[in-house]
*Asks:* 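My questions all concern the structure below.
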Number of protein chains: 2
Amino acid sequence: MKIDDSKNKQNLQELLDTRDFVQHISVDCVIFGFHKGIMKVLLLKYHDLDLCSLPGGFVFNDEDLHDAAVRVLYERTHLSNIFLEQFQTFGDRNRTENNAHRVLLASKHIEVPKDHWTFQRFITVGYCSLIDFSLVDTFPNNMIEECKWFEVNNLPKMAFDHEEIIKKGLEFIRRNIDTQIVASSLLPEKFTMKELQTVYEIVLDEKFRRNNFQRKILALNSLERLEKLFDGSANKAPYLYKFADKKLYELL
Amino acid sequence: MKIDDSKNKQNLQELLDTRDFVQHISVDCVIFGFHKGIMKVLLLKYHDLDLCSLPGGFVFNDEDLHDAAVRVLYERTHLSNIFLEQFQTFGDRNRTENNAHRVLLASKHIEVPKDHWTFQRFITVGYCSLIDFSLVDTFPNNMIEECKWFEVNNLPKMAFDHEEIIKKGLEFIRRNIDTQIVASSLLPEKFTMKELQTVYEIVLDEKFRRNNFQRKILALNSLERLEKLFDGSANKAPYLYKFADKKLYELL
DNA sequence: GCAAAAGTGTTGTTTTTACACCCATGT
DNA sequence: ACATGGGTGTAAAAACAACACTTTTGC
């Protein structure tokens, strides 16, 4: 989880000259968030180019793969302390055929040899996470791309095989929703049962009954009931909860 | 699933000279089988070296990652038509520190420059499978290594981080036992319920009740009941079954 | 008191588990 | 006939789903 700002390459030209990456390997982060009941995913949109991609990057020679995912996410989005989980590796030989980099560089009139390493074949390792949408509103300014939320059900045109990667990432999140939500930065420290239920409903795209949901969740035995939340509304105040053993999850 | 024998590099020296691999990437196959109620895993034991490794190898530049796993498994073990499933990618920067190749080459007096590509850092993609132990008894002859079954609970000294990879592979198999067994070449075309139960019991290391197991499995609705099996024993003949939609699973 | 939203209880159904019984087969 | 192992049935228990009722809160 170490973030080293000195390694944060903001400048594309500088990045392209860097040779101390593990060749042919990349990482891509699929970050899901919510807004008004809609599930969204964080993408980079290239300026002047009708093409989006996942926030991804390369692995330094002396860096663990997982650390690279954490760093890359930080560099592109300024998100830190995100629980990232590896879900799948994508290695079809043609997966980078729709090469956004080449198009992008041409449009920026940046001269790069045709056999430059960034145009080589890449095998990418997919990481994903769920985060609290509202905590993130400022993204790094960048001459090349902007970072924005897009609806999962209405994706823009994607570079490479990134649409497939998002699909697989969503499937992974749905399969692992219990662990994922506990370990994610999705909910505040203290939250109500209704908030938790809403998250489940949006992620799984499925409605639950209030009381049965509560029973099921409490049966997992990972929630601790706290004080009531008085928000001034004219109704019974709901209890607040927190994840009892969140520390355990965060270790992995 | 295409096996190209012309690419089958038997000779280590020849292999080392080959440069048309994707650099820094490898695949490793964790193949599980059974014998007398014990779960085993297929390993390569280097001659004259007290060190084992998973059957693994590299990816050709023009080859899909998954195809590489299939090919590599064939080259090292002569197993074909194996249902391989990707489960995890291992990329810690120190994972190849216990470098068997270097030790091996030195012991064989093969001269290789210290900065040879095989000594570089590798990120490996793990694939695993369950197979019918008894179908495999002849493995390729090789001057460098031999292919043998080892008990999962009593592993020999392993090269690199291969012990960790086996552990994660076993966890994956246990989580995905239903799909895995249906798609694997573990059982013959036709099998009895008891045979299937034995497989589950060994993989999950857990006993089940005969009748309840049958109910649970039949509820999955993926078995087709066939004729009875008369094996000459003095008891009621059990039905044979086959996987009804095995074709579907084999597609993925 | 009333509406709104949360907590809790209750009942019926489905699924899981444990036990029992019956059936087919070769000797 | 009988021992052996397989198929099937059933009752108890647990888990789940649907519905109803009660409680708390601010106006």
Side-chain angles (χ1 to χ4, degrees), chain A residues 34 36-37 174-179 181-182 186-244, chain B residues 34 36-37 174-179 181-182 186-244:
Chain A
F34 305 98
K36 294 184 182 166
R174 286 181 172 160
R175 275 198 309 274
N176 298 78
I177 183 167
D178 291 325
T179 322
I181 287 184
V182 173
L186 185 61
L187 291 167
E189 183 73 16
K190 302 174 180 180
F191 51 88
T192 64
M193 192 57 77
K194 186 172 183 64
E195 289 176 312
L196 184 59
Q197 180 173 344
T198 302
V199 171
Y200 270 75
E201 290 182 338
I202 296 176
V203 172
L204 298 179
D205 193 20
E206 191 183 344
K207 289 285 175 193
F208 300 100
R209 277 158 211 272
R210 192 169 53 89
N211 51 349
N212 292 339
F213 178 80
Q214 166 142 327
R215 231 189 304 272
K216 195 169 79 178
I217 293 295
L218 291 181
L220 296 178
N221 245 316
S222 57
L223 288 193
E224 191 178 321
R225 182 179 275 189
L226 306 171
E227 74 280 4
K228 290 187 174 186
L229 167 70
F230 294 90
D231 66 349
S233 66
N235 52 38
K236 195 169 180 176
Y239 287 106
L240 286 169
Y241 294 88
K242 68 169 187 175
F243 292 114
Chain B
F34 305 96
K36 292 181 182 166
R174 285 180 172 162
R175 276 198 309 273
N176 297 77
I177 183 168
D178 291 323
T179 320
I181 287 183
V182 173
L186 184 62
L187 291 166
E189 183 72 17
K190 301 173 181 182
F191 51 88
T192 65
M193 192 57 75
K194 185 172 185 64
E195 288 175 313
L196 184 60
Q197 181 173 345
T198 303
V199 171
Y200 270 75
E201 290 182 340
I202 296 175
V203 172
L204 299 179
D205 193 20
E206 188 183 347
K207 289 285 175 192
F208 300 100
R209 280 160 210 270
R210 190 168 54 87
N211 51 349
N212 293 340
F213 178 80
Q214 166 143 327
R215 228 189 305 271
K216 196 169 79 178
I217 294 295
L218 292 182
L220 297 179
N221 246 314
S222 56
L223 288 193
E224 191 177 322
R225 181 178 274 189
L226 307 170
E227 73 280 4
K228 291 186 173 187
L229 166 70
F230 294 90
D231 65 350
S233 67
N235 53 36
K236 195 169 178 177
Y239 288 107
L240 287 170
Y241 294 87
K242 69 169 186 177
F243 292 114

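Throughout, a chain's letter reflects where its sequence line sits, starting with A, and its residues are numbered from 1.
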*Asks:* Is there a side-chain contact between B/Q214 and the phosphate of D/dG7, meaning an N or O under 4.0 Å from OP1 or OP2?
*Replies:*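 True: B/Q214 side-chain N/O within range (under 4.0 Å) of D/dG7 OP1/OP2.
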*Asks:* Report yes if a donor N or O on one partner sits less than 3.5 Å from an acceptor N or O on the other, where the partners are the side chain of B/R210 and the base of D/dG5; otherwise report no.
*Replies:*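 Not at all, since no donor on one side and acceptor on the other fall under 3.5 Å apart.
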*Asks:* Provide, to the nearest angstrom, the distance between the CD1 atom belonging to A/I217 and the P atom belonging to C/dG7.
*Replies:*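 It works out to 14 Å between those atoms.
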*Asks:* Looking at B/E201 and B/F208, would you say the former's side chain and the latter's main chain have a donor-acceptor pair under 3.5 Å?
*Replies:*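 The answer is yes, because a donor-acceptor pair under 3.5 Å joins these two groups.
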*Asks:* What is the distance, rounded to the nearest whole Å, between atom NZ of B/K216 and atom C1' of C/dA18?
*Replies:*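 Going from NZ in B/K216 over to C1' in C/dA18 covers 15 Å.
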*Asks:* Whole angstrom is fine here: how far is it from CG in A/L196 over to P in C/dG7?
*Replies:*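 That distance rounds to 12 Å.
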*Asks:* Round to a whole Å and report the spacing from CZ of B/R215 to C1' of D/dA11.
*Replies:*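 Result: 12 Å.
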*Asks:* With under 30° as parallel and over 60° as perpendicular, where do the rings of A/F243 and A/F191 fit, or are they tilted in between?
*Replies:*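 The arrangement is tilted - the two ring planes meet at 30° to 60°.
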*Asks:* To the nearest 0.5 Å, tell me how far B/D178 CG sits from B/I181 CD1.
*Replies:*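 Those atoms lie 7.5 Å apart.
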*Asks:* Take the protein atom CZ of A/F230 and the nucleotide atom P of C/dA6, then report the distance between them rounded to whole Å.
*Replies:*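 Spelled out: CZ on A/F230 to P on C/dA6 is 13 Å.
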*Asks:* Check every strand shown and say whether B/T192 touches a base, only sugar-phosphate, or nothing at a heavy-atom separation below 4.0 Å.
*Replies:*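 Nothing, no nucleic acid heavy atom in range.
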*Asks:* Could you say whether A/S233 or A/R225 is positioned toward the 5' end of DNA chain C, judged by the nucleotide with the nearest heavy atom to each?
*Replies:*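 Mapping each residue to its closest nucleotide by heavy atoms, the 5'-most match is A/S233.
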*Asks:* How many angstroms lie between CD1 in B/I217 and OH in B/Y200, if you round to the nearest 0.5 Å?
*Replies:*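 One gets 4.0 Å once the value is rounded to the nearest 0.5 Å.
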*Asks:* From C/dA6, D/dT10, D/dG7, pick the nucleotide closest to the side chain of B/P238?
*Replies:*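 Selected nucleotide: D/dG7.
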*Asks:* Taking CD from A/E227 and P from D/dT24, how many angstroms apart are they, rounded to a whole number?
*Replies:*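 In whole Å, D/dT24 P and A/E227 CD are 18 Å from each other.
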*Asks:* Could you pick out which residue, B/Y241 or A/G232, lies toward the 5' side of DNA chain D when each is mapped onto its nearest nucleotide?
*Replies:*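 Looking at the nearest nucleotide for each, B/Y241 comes out on the 5' side.
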*Asks:* Identify, between A/N212 and A/A237, the residue whose nearest nucleotide on DNA chain C lies closer to the 5' end.
*Replies:*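 Per heavy-atom nearest nucleotide, the more 5' residue is A/A237.
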*Asks:* For the pair made of CZ in A/F213 and C1' in C/dA6, what is the distance, rounded to whole Å?
*Replies:*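 Distance, rounded to whole Å: 15 Å.
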*Asks:* Which part of the nucleic acid, if any, lies within reach of B/K194 when heavy atoms closer than 4.0 Å are counted: base, sugar-phosphate only, or nothing?
*Replies:*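 Sugar-phosphate: the residue B/K194, judged by heavy atoms under 4.0 Å, touches backbone atoms but no base.
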*Asks:* Quickly work out the A/L240 CG to C/dA5 P distance and round it to whole Å.
*Replies:*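 After rounding, the reported distance stands at 17 Å.
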*Asks:* Where the side chain of B/K236 is defined as all heavy atoms beyond and including C-beta, which of C/dA24, C/dG7, D/dG26 is the nearest nucleotide?
*Replies:*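 Closest nucleotide to the B/K236 side chain: C/dA24.
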*Asks:* What's the separation between atom NZ in B/K207 and atom CZ in B/F213, rounded to the nearest 0.5 Å?
*Replies:*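 Reported to 0.5 Å precision, the distance equals 11.5 Å.
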*Asks:* Using the closest heavy atom to pick a nucleotide of DNA chain D for each, name whichever of B/L218 or B/N235 lands nearer the 5' end.
*Replies:*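 Nearer the 5' end of the strand: B/N235.
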*Asks:* Counting just side-chain N and O atoms, does A/R209 come under 4.0 Å of either OP1 or OP2 of D/dA17?
*Replies:*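 For D/dA17, neither OP1 nor OP2 has a side-chain N or O of A/R209 closer than 4.0 Å.
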